[in-house]
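The structure under discussion appears below in the form of structure tokens.
Along the sequence shown, residues carry numbers from 1. Computed from a predicted model, the values in this text were never measured in an experiment.
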Amino acid sequence: MLETVWFGIWGLLWAVYFVLDGFDLGLGALQPILARNEGDRRDIYLAMGPFWDANEVWLVAAGGVTFAAFPALYAVLFSSFYSVLMLILFALILRAVSVELGGETKGERGRSLWRGALAIGSLLAAFLFGVLFANIFRGIPIDGSGVYQGTFMTFLNPYALVGGLFFLGMFLLHGSLWLAVKANGSLQGRAGSAAAWLWTFTFLAAAVFLALSALRTDLFVRYLDRPVLLVIPLLAVGGMALIRFRIAKGAWSAAWWASCVSIIGVVAFGVVGLYPLMLPSSLDSASGLTAHTAAASPMTLKIMLGVVLVFVPIIALYQGWVYRLFGGKVDGNLYVKD
């Protein structure tokens, strides 16, 4: 029972991270395209500035839960996905450094360099998160001892690359909608136009990803066994449809919330489809790691559950206060309440 609870917490933390840091990654990747002048760039930085660092707390929480609750999974993931995870880490570091130093650099050449670094770091992280989770859904070549038997190129299979494009499109769409919520004038108009185009790209990528998931993974097996669970992928699809409807109406806040629902639906689709597996093996189904075989001792899970029930609500309340404090439109160096 405790293993199942922690499996759900693990999936929930990833969903929260993708919802919150997803728009930051999307904004960072889009800023060279959407910004036409220094004022636009300042507004884009302000739209993500108070949030991006705190949003990464949920990535730390997801990693911490993996380490504490599922140590066997943590060991196999970090040994097998070492190169991919290090690239994600370097991309996030590049994003962080560019945000912090971009505004401190005086020369135009230096500012352009940091803006490019922000775009590259954000784009690479978004794409690689999709590659990472697509490989988890598909399974990787690990033997009975948890030893990875593939190469770096094994990760770059067609299914994983489509997953990377899907996640990238999902985050770019999420970021463009967030900017449409926060900005005014021509910048808001460009963000809205980008969102309309990105919706089409993301929808097509999602359709291809779902089709390949049916062919290359066992995710749909659990849904066919329990058709009531089909409400989960329908949640993701419904969220995507609502995004398009709200974009057409210019209801940017509602469209962004619909994007949140869609992202949560996508993560839930993969996590529920995996259960009880957490990392399938493409060599031998018996070699895969499940929530039960990868879990820590019952005592550890009980202690950690108490810690999570205390500190996660505190983090959520603090972040809620930050989002409320900076909840207005960006206008120069200010946040203006609607």
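Taking a 6.0 Å sphere around CZ of Arg244, one finds it holds more than 12 heavy atoms contributed by other residues, nucleotides or ligands. For Asp218, the CG atom counts as loosely surrounded, since its 6.0 Å shell holds 12 or fewer non-hydrogen atoms of other residues, nucleotides or ligands. Atom CZ of Phe203 sits in a sparse spot, with 12 or fewer heavy atoms from other residues, nucleotides or ligands closer than 6.0 Å.
Taking the side chain as every heavy atom from C-beta outward, Asn55 and Phe23 approach each other to under 4.5 Å. The shortest distance between side-chain heavy atoms of Val57 and Tyr17 does not fall below 4.5 Å. Asn135 is listed as a side-chain neighbour of Asn157, based on a closest heavy-atom distance under 4.5 Å. You'll find the side chain of Leu177 reaches within 4.5 Å of the side chain of Ile247, heavy atoms only. Proximity of Ile9 to Val312: side-chain heavy atoms (C-beta onward) are nowhere separated by under 4.5 Å. A 4.5 Å side-chain heavy-atom check between Tyr223 and Val272 finds at least one atom pair inside the cut-off. A 4.5 Å side-chain heavy-atom check between Val208 and Leu204 finds every atom pair outside the cut-off. Here the side chains of Arg41 and Ile44 are not in contact, with every heavy-atom distance at 4.5 Å or above.
Between Phe167 and Phe18, the ring center distance clears the sub-6.0 Å criterion. Between Phe166 and Phe133, the ring centre distance reaches or exceeds 6.0 Å. Aromatic pair Phe269/Phe220: ring centres closer than 6.0 Å.
Remark: Leu20 CG to Leu25 CG distance equals 11.0 Å, nearest 0.5 Å. One distance of note links CD1 of Ile263 with CE of Met240; it measures 10.0 Å at 0.5 Å rounding. Within the model, atoms NE2 of His174 and SG of Cys260 stand 4.0 Å from one another, a figure rounded to the nearest 0.5 Å. Note: Gln149 CD to Ser282 OG = 10.0 Å, rounded to the nearest 0.5 Å. Interatomic distance, CG of Leu165 versus OG1 of Thr202, reported as 10.0 Å (0.5 Å rounding). Here the CG atom belonging to Leu289 is positioned 6.0 Å from the CG atom belonging to Leu73, to the nearest 0.5 angstrom.
Closest approach of Ile140 and Ser80 over heavy atoms only: CD1-CB, 3.7 Å. Phe209 and Ala134 get closest at one heavy-atom pair: CE1-CB, 4.1 Å. The shortest heavy-atom contact between Ala68 and Met304 is CB-CE, 3.6 Å. In terms of heavy atoms, Ala119 sits closest to Pro32 at CB-CG, 3.6 Å. For the residue pair Tyr159 and Ser213, the shortest heavy atom distance occurs at OH-OG, 2.8 Å. Looking at every heavy atom in both residues, Ala205 comes nearest to Val162 through O-CG1, 4.2 Å.
Linking ILVMFWY residues whenever their side-chain heavy atoms come closer than 4.5 Å, directly or via other members, places Leu132 and Leu59 in the same cluster. Under a hydrophobic-cluster definition in which Ile, Leu, Val, Met, Phe, Trp and Tyr are linked whenever side-chain heavy atoms come within less than 4.5 Å, directly or via other members, Ile33 and Leu113 are assigned to different clusters. Linking ILVMFWY residues whenever their side-chain heavy atoms come closer than 4.5 Å, directly or via other members, places Trp257 and Trp58 in the same cluster. Tracing side-chain contacts under 4.5 Å through hydrophobic residues (I, L, V, M, F, W, Y), one reaches Leu219 starting from Val228; they form part of the same cluster. Cluster annotation: Phe201 is connected to Leu168 through the hydrophobic network of ILVMFWY side chains, with a link wherever side-chain heavy atoms come within less than 4.5 Å.
A donor-acceptor pair under 3.5 Å links the side-chain atoms of Trp178 to the main chain of Ala47, judged by distance alone. Under the 3.5 Å distance criterion, the side-chain polar atoms of Ser176 are matched with a main-chain donor or acceptor of Leu173. For the pair Gln31 (side chain) and Tyr45 (backbone), a donor-acceptor distance under 3.5 Å is absent. In this structure, Thr66 contributes its side chain and Ala62 its backbone to a donor-acceptor pair below 3.5 Å. Between the side chain of Ser145 and the main chain of Val147, no donor-acceptor pair closer than 3.5 Å is present. Judged purely by atom type and a 3.5 angstrom limit, Tyr148 uses its side chain to pair as donor or acceptor with the backbone of Thr151. Here the side chain of Asp21 pairs no donor or acceptor atom with the backbone of Asp24 at under 3.5 angstrom. Judged purely by atom type and a 3.5 angstrom limit, Lys329 uses its side chain to pair as donor or acceptor with the backbone of Val181. Between the side chain of Ser262 and the backbone N or O of Ala236, at least one donor-acceptor pair lies under 3.5 Å.
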Carefully, step by step, assess Val84 and Phe129 under the rule side chain to side chain contact (heavy atoms under 4.5 Å, CB included).
CA-CA 9 Å; Val84 176; Phe129 272 123; over 6 Å; no

Could you please spell out the steps behind the side chain to side chain donor-acceptor pair (under 3.5 Å) verdict for Arg190 and Ser193?
CA-CA 5 Å; Arg190 289 195 297 276; Ser193 298; over 6 Å; no

Evaluate the criterion side chain to side chain contact (heavy atoms under 4.5 Å, CB included) for residue pair Leu179 and Leu30; output intermediate values, then yes/no.
CA-CA 10 Å; Leu179 185 59; Leu30 285 171; over 6 Å; no

Going through the distances and angles, do Leu124 and Phe90 end up as a side chain to side chain contact (heavy atoms under 4.5 Å, CB included)?
CA-CA 9 Å; Leu124 185 61; Phe90 291 148; over 6 Å; no

Verdict with reasoning, Leu301 to Leu305, per side chain to side chain contact (heavy atoms under 4.5 Å, CB included)
CA-CA 6 Å; Leu301 295 181; Leu305 186 60; over 6 Å; no

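Each of Phe81, Tyr82, Tyr74 was scored for a ring pair (Phe, Tyr, Trp, His ring centres under 6.0 Å) with Phe78, with one residue passing: Tyr74.
Using bins of under 30°, 30° to 60° and over 60° for the plane-to-plane angle, the ring pair Phe7/Trp10 lands in the tilted bin.
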